[in-house]
Amino acid sequence: MLKKKSAATGAGRTLAKAVSGLTGSTVDRRAFLRSSGLAAGTAAIGLPLGMVRKAEAAAPAAPAGAPIKQVKTICTHCSVGCTVVAEVQNGVWIGQEPAFDSPLNLGAHCAKGAAVREHAHGDRRLRYPMKLVDGKYTRISWDQAIQEVGDKLLAIREASGPDSVFWLGSAKFSNEQAYLFRKFAAFWGTNNVDHQARICHSTTVAGVANVWGYGAMTNSYNDIQKS
């Protein structure tokens, strides 16, 4: 903490010495801030020109003046169903906010919910097929990717049978996608098919079943608030 000094008894410290050279032996908060600003300005003038450059505004995500619509949607990361307010401009999801009128998330986001927009618009999202060639990933066409993966799967099936492949569904599947995924495994000729959520929550199911006698919750989340 900075305190006003009536004498130069504290001048032994490095900071006090540097400031006292500009303001005298007495250092108070105003003098310190004023001197710090002067020192910072002097240091900036002395910086190489390559280290100081004009700040430029980022290019807008959509044409200027395009209206921004707020669309309510639901986070898909878990079964809580938090409400998300999507900001949409020219059909592009450009931002999001939690819904303050939601009885579930009450205007809050968890870390995963705050990043839900990045599933479709994240900078690191994979936008096209990539193939590892000579130690480096190279972009290939969708036709090439589908052809190569399909040929490899058929070769495995021919050599080792349909049960040699295990099909694992994604927790991000919708109900309809999960149905089609299961039908595809049956068409392939195997029962080696499962869902990531079952594996993820298998320990939870066992614990809940042993405690409550049933391997899933038996009440809604709203009931917890009123319990």
Side-chain angles (χ1 to χ4, degrees), residues 71-84 86 88 91-94 96 98 104-105 109-224:
V71 181
K72 279 190 173 182
T73 184
I74 298 175
C75 177
T76 58
H77 270 297
C78 75
S79 61
V80 174
C82 294
T83 304
V84 179
V88 181
V92 178
W93 189 357
I94 62 172
Q96 71 178 73
L104 298 174
N105 51 312
H109 266 339
C110 73
K112 293 189 294 183
V116 67
R117 187 187 72 89
E118 296 182 8
H119 280 297
H121 301 287
D123 293 337
R124 301 179 66 182
R125 176 178 179 265
L126 191 62
R127 293 175 172 83
Y128 36 77
M130 302 288 288
K131 181 180 180 180
L132 190 62
V133 180
D134 296 330
K136 294 183 179 180
Y137 280 101
T138 305
R139 179 176 178 176
I140 62 176
S141 67
W142 283 102
D143 289 340
Q144 180 183 349
I146 293 173
Q147 189 69 38
E148 291 190 11
V149 172
D151 290 346
K152 184 65 174 178
L153 283 172
L154 289 175
I156 294 174
R157 189 174 187 273
E158 181 68 22
S160 306
D163 285 338
S164 61
V165 179
F166 173 66
W167 302 91
L168 181 64
S170 169
K172 304 307 296 180
F173 279 176
S174 66
N175 184 66
E176 290 74 20
Q177 288 171 329
Y179 170 80
L180 291 175
F181 186 79
R182 176 65 185 92
K183 293 289 287 186
F184 179 80
F187 177 77
W188 176 264
T190 184
N191 284 325
N192 293 342
V193 59
D194 209 338
H195 196 276
Q196 183 272 333
R198 189 204 64 79
I199 297 174
C200 177
H201 291 287
S202 59
T203 54
T204 306
V205 170
V208 172
N210 288 330
V211 174
W212 302 109
Y214 185 71
M217 62 186 305
T218 57
N219 58 286
S220 69
Y221 281 101
N222 289 335
D223 290 340
I224 298 177

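Here, residue 1 is the first one in the sequence, and each next residue gets the next number.
Of the inter-residue distances, the one linking Trp93 atom CH2 with Thr73 atom OG1 reads 6.0 Å to the nearest 0.5 angstrom. Atom-to-atom distance recorded for Phe184:CZ and Leu180:CG is 11.0 Å, nearest 0.5 angstrom. For the atom pair CD (Gln144) and CZ (Arg139), the distance works out to 12.0 Å, reported to the nearest 0.5 Å.
Between Val165 and Arg157 there is no side-chain heavy-atom pair separated by less than 4.5 Å. Considering only heavy atoms from C-beta on, Val84 comes within 4.5 Å of His109 through its side chain. Counting heavy atoms from C-beta on, the side chains of Phe166 and Asp194 come closer than 4.5 Å. Using a 4.5 Å heavy-atom threshold, the side chains of Thr83 and Asn105 count as touching. Residues Tyr128 and Met130 are in side-chain contact: their nearest non-hydrogen atoms beyond the backbone lie under 4.5 Å apart.
Counting all heavy atoms, side chain and backbone alike, Trp167 lies closest to Ala185 at CD1-CB, 4.1 Å. Taking every heavy atom of both residues into account, Ile156 and Ser164 meet most closely at CG2-OG, 3.5 Å. Taking each heavy atom of Trp188 and Leu154 in turn, the nearest pair found is CH2-N, 4.3 Å. Across every non-hydrogen atom of Ala145 and Pro129, the tightest pair is CB-CB, 3.7 Å. Between Asp163 and Asn191, the shortest heavy-atom contact is OD1-N, 4.3 Å.
In Ile74, the CD1 atom is not crowded: 12 or fewer heavy atoms of neighbouring residues, nucleotides or ligands sit closer than 6.0 Å. For CD of Gln147, the number of neighbouring non-hydrogen atoms (other residues, nucleotides, ligands) closer than 6.0 Å is 12 at most.
His195 places no side-chain N or O within donor-acceptor distance of the main-chain N or O of Leu168, the cut-off being under 3.5 Å. A donor-acceptor contact shorter than 3.5 Å is absent between the side chain of Arg182 and the backbone of Val193. Of the possible donor and acceptor atoms, one in the side chain of Gln96 sits under 3.5 Å from a partner among the backbone N and O of Gly113.
Partners of Lys183 by salt bridge (Lys or Arg N to Asp or Glu O under 4.0 Å), not counting sequence neighbours: none found.
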